[in-house]
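Worksheet for the structure shown next.
Atoms within a ligand are numbered from 1 in the order they appear, just like the ligands themselves.
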Amino acid sequence: MRIGVLTAGGDAPGLNAAIRGLGQMAFRDGHQLVGVANGWAGLAGDYSGRDLSHEELAGIVGQGGTLLGTARYNLDDPKGGRDRVLTAIDQHLDALVAIGGDGTQRIANWLAERGAPVVGVPKTLDNDLHGTDYCIGFDTAVSIVAESLDRLYTTAASHHRVMIVETMGRATGWVAAMGGLAGGADLIVIPEFPLTMEQIVEHLVKRRSSNNAFSIVVVAEGINLETLGSEQRDEVSTEGIGGVRLATRGVGQFVAARIDAHGGFEVRTTVLGHLQRGGSPTAYDRIWATRVGAAAYDAVVAGKFGMIPVVQGSQVELAPLSVVANGQRKVPRELYELCSAFF
Ligand code: F6P
């Protein structure tokens, strides 16, 4: 079989481990692995597939990024991109494994609904794909946030400052909440449980009056600015696949400026940005990326197209792409309440 693989959307630590997990299983059984460069662009534009070798996949389990390259490519503009992908799969591949987040899995589902032999793999460090407990990249991002809070703690405590830390997280607050929990945040502000600016300041004042001279506040980049009293609209600029580039909204700076304006606090802001997606994946990401990559291979050889390996508890299960593509997993109230217990 000629099994194609692509990575689409933002890169994430663990992508290479997943490609390796898929590829080494395929090689073991005598199949070919075709690497498609730069996500959907490599099928909708000039076909970019090339045969990968066992040697190329050796030694990449701990490498960040993706050896295939990735892109945020809008298949609907110019029109006909999706049909060109269908044609390219038909002409060049016996199966395609699409590793990516919600946008990627929606396209994978669309293709599968039209009979294309497509299997997904869940990747987004936002960790918000519906139907899976884990997405490639999340654990590394959380570890980086936690370590950053440990490091920011020293300046916060020494200078008695309020440190605002802005994390990634497009529509959900998983990275902020779990990174904040692991790093001992004094307040976590996420889209699922909005706070007003008054509530944030009130919390800081209360902490200060109970002899907590400093505070570390984690804010997810996707929080609603209007709830915080901003007149700035959320639609600032768009990416290839049609989302707001959230980092440009400057929510960390916004919250810091408002606290500063209240008076009585010395405030600093750190935007963690792409540091959360960079570098080597954690062992946890390597293990689960390998497992879902290998499970994608199993699905392909079993002809289970239109499916995606997901993590449920400690197991990898297969779920329909339609389930993962059409929903979003939010931070549940009980988990946020646990975080809040330490504020
Ligand atoms: O969707 C994953 C993500 O890392 C988001 O958390 C973030 O908003 C976005 O990608 C950033 O994308 P880019 O690298 O294209 O700026």
Heavy atoms only, cut-off 4.0 Å: how does Gln276 contact ligand 1, side chain, backbone, both, or neither?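 Neither; nothing of Gln276 gets under 4.0 Å from ligand 1.
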
Using the salt bridge (Lys or Arg N to Asp or Glu O under 4.0 Å) rule, collect all pairs that involve residues 294-323, keeping only residues at least two apart or in two chains.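 Every pair satisfying salt bridge (Lys or Arg N to Asp or Glu O under 4.0 Å) with a residue in residues 294-323: there are none.
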
Would you say Gly169 has any N or O atom under 3.5 Å from an N or O of ligand 1, going by distance alone?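 Yes.
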
For Arg50, check side chain to side chain donor-acceptor pair (under 3.5 Å) against everything at least two apart and list the hits.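 Result, side chain to side chain donor-acceptor pair (under 3.5 Å) vs Arg50: Glu56.
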
Please identify which atoms of ligand 1 are closer than 4.0 Å to at least one heavy atom of His274. 13 (P), 14 (O), 16 (O)

Atoms in ligand 1 flagged as close to Met168, the criterion being non-hydrogen separation under 4.0 Å: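 Contacts of ligand 1 toward Met168, numbered from 1: 4 (O), 6 (O).
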
Any carboxylate oxygen within less than 4.0 angstrom of a Lys/Arg side-chain nitrogen, looking at Asp128 and Lys330? no

Taking the inter-plane angle between the rings of Tyr336 and Phe193 on a 0 to 90° scale, is it parallel (under 30°), tilted (30 to 60°) or perpendicular (over 60°)? parallel

For the pair Phe138 and Trp174, name the ring-plane relationship: parallel under 30°, tilted 30 to 60°, perpendicular over 60°.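 Ring orientation, 0 to 90° scale: perpendicular.
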
Run down the list Glu221, Arg72, Arg170 and name the one with the heavy atom closest to atom 15 (O) of ligand 1. Arg72

